Every structure is written in structure tokens, then in C-alpha cells.
Amino acid sequence: MKKIFLILISLLFLTTNADILKGGVSEEYIPKGFFGSWGVISKMSSSNNPVVFNQESRDIWNLSGYDNTLVLENLESGAHSEIKIKEKVSDNRTLKFSRQKEVKTSDGKKIYKETVEFTLLGNNFSGTDDFIIEHYNEENKLIKKDEARYSVAGVRISGQGPN
């Protein structure tokens, strides 16, 4: 009897097929209403060195994303950027992010910083985009800081509207 019982249990385990279930919890860092294509106008509102920055730009952006990663593509220039969103905003209509890039130069380095805050208003958004360029010498001492603030407005071209 023991042998039959062991054989049945062995057959049960050898012939069983099961899918492994995977799960997780996902937080929305990027309000879904921002996803889609946008016509965007940025106008400089202030700067300590306006010669360095563009006064105005008009672009078409495609915004998408997953988890805490915002994917921004400029359809005209072909630029592509993936930005990690660190701050989750609970109102489901505000998008905030910062990014930084360091570039070595012949006489030191430059650090480019950008801080963005947009608020979704139906099929439009508006907000600010702050740029800082920090110039460092070879001894890593800050020698100059250029700053600009832009007023940004976007109008939806295509994509899902806000819920």
C-alpha cells in the first residue's frame, strides 16, 4: 500500500504544471492625463544671463511613462529623455521632477540642472521650468552660475485626456 501511495504522490508532482503568479504594488508618480502629444511653448520670464538661454521655444512633445519613469520625446528634434520621478504628488494633476547632467570641459566642468513643475488643467497644462548652469574650474570651485526661469504652457494634440 505504501508503494502505491508513494507512486501516486510522485506522479502527482511530476505531472503538475502551474504558472507562477507574480504581483506587486504600483504607485502612480506620473498623472496619466499628461500622457500623449502636446504642443508646448516656453517663454523666458527671468534670467541673470539672458544671452545664454533661448528667449522662447515651440516644440511638440510626446509624454509617456511607466512606474516612476517619465519618457519625454521631442518629435521635431528627435530628442529622447527618460526621467526618474522622485516625488509622488497626490493631487493627480501635478507633475514635478528635477534632473541634472555633468559635462567635462577643457577647463573644468559644467553642471546643468533643471527643475520642472507642471499642473494639468483639462487638455492644457502650465507651469515653470527652471534651468541652472554651474561652471566649475579645474579645482572644482564654482566660478559662475547662469539661471533662467521659463513659463511653460502646453495644449494636447492627441492622446487620452484626463479622467
Side-chain angles (χ1 to χ4, degrees), residues 22 24-162:
K22 294 182 180 179
V25 176
S26 174
E27 289 188 81
E28 284 191 28
Y29 283 78
I30 307 161
K32 300 289 187 227
F34 279 102
F35 293 166
S37 294
W38 296 87
V40 180
I41 297 175
S42 301
K43 293 182 180 181
M44 185 188 305
S45 56
S46 64
S47 178
N48 69 341
N49 192 355
V51 175
V52 173
F53 301 98
N54 291 330
Q55 293 292 317
E56 181 177 305
S57 68
R58 296 172 187 267
D59 298 298
I60 297 176
W61 294 353
N62 188 46
L63 298 177
S64 60
Y66 53 93
D67 296 329
N68 70 330
T69 302
L70 174 68
V71 178
L72 190 153
E73 296 174 285
N74 184 318
L75 302 176
E76 294 174 328
S77 70
H80 177 92
S81 187
E82 293 191 15
I83 303 153
K84 296 289 184 195
I85 308 294
K86 295 179 181 139
E87 183 178 345
K88 183 180 182 314
V89 182
S90 61
D91 69 3
N92 205 30
R93 48 180 242 144
T94 303
L95 178 61
K96 292 182 180 182
F97 64 87
S98 296
R99 60 184 176 168
Q100 182 172 312
K101 180 180 177 183
E102 184 175 314
V103 176
K104 299 286 183 194
T105 62
S106 60
D107 56 349
K109 68 180 178 183
K110 290 182 183 179
I111 298 179
Y112 298 88
K113 297 178 179 181
E114 182 178 17
T115 303
V116 173
E117 183 172 340
F118 296 148
T119 302
L120 188 62
L121 306 163
N123 284 320
N124 299 292
F125 71 79
S126 63
T128 58
D129 191 351
D130 295 321
F131 280 98
I132 298 173
I133 305 172
E134 296 176 338
H135 305 261
Y136 292 85
N137 63 15
E138 293 171 337
E139 290 80 38
N140 205 30
K141 182 180 177 185
L142 179 64
I143 54 175
K144 183 179 174 186
K145 190 181 210 181
D146 298 317
E147 301 177 62
R149 173 167 267 217
Y150 288 88
S151 295
V152 182
V155 62
R156 182 180 306 282
I157 297 171
S158 67
Q160 180 181 354

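Small disclaimer: the values here were computed from a predicted structure and weren't measured.
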Please identify each residue that fulfils side-chain hydrogen bond (donor to acceptor under 3.5 Å, both in side chains) with K145, with sequence neighbours left out.
none
Tell me, please, which residues at least two apart from S64 pass side-chain hydrogen bond (donor to acceptor under 3.5 Å, both in side chains).
none
Using a distance-only test with no angle check, is there a side-chain donor-acceptor pair under 3.5 angstrom linking E114 and Y112?
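There is no such pair between these side chains.
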Checking N49 against S47: is there a side-chain donor and acceptor pair closer than 3.5 Å?
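No, no side-chain donor-acceptor pair sits under 3.5 Å.
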Test side-chain contact (heavy atoms from CB on, under 4.5 Å) on V71 and Y66; report intermediate values, then the result.
CA-CA 8 Å; V71 178; Y66 53 93; 4.2 Å; yes
With a 4.5 Å limit on heavy-atom distance, are the side chains of [X] and [Y] in contact?
| X | Y | value |
| --- | --- | --- |
| N48 | D146 | yes |
| N124 | S126 | no |
| I30 | L95 | yes |
| L121 | R93 | yes |
| F125 | V152 | yes |

Partner of D130 under salt bridge (Lys or Arg N to Asp or Glu O under 4.0 Å), chosen from R149, K113, R99
R149
Looking only at heavy atoms, what is the nearest atom pair of [X] and [Y], with distance?
| X | Y | answer |
| --- | --- | --- |
| K86 | Y29 | O-CE2, 4.1 Å |
| G36 | R156 | CA-NH1, 4.5 Å |
| L142 | Y136 | N-CD2, 3.4 Å |
| N123 | W38 | O-CZ3, 3.6 Å |
| I132 | E134 | CG2-CG, 3.8 Å |

For K109, I'd like to know if atom NZ has over 12 heavy atoms of other residues, nucleotides or ligands within 6.0 Å.
yes
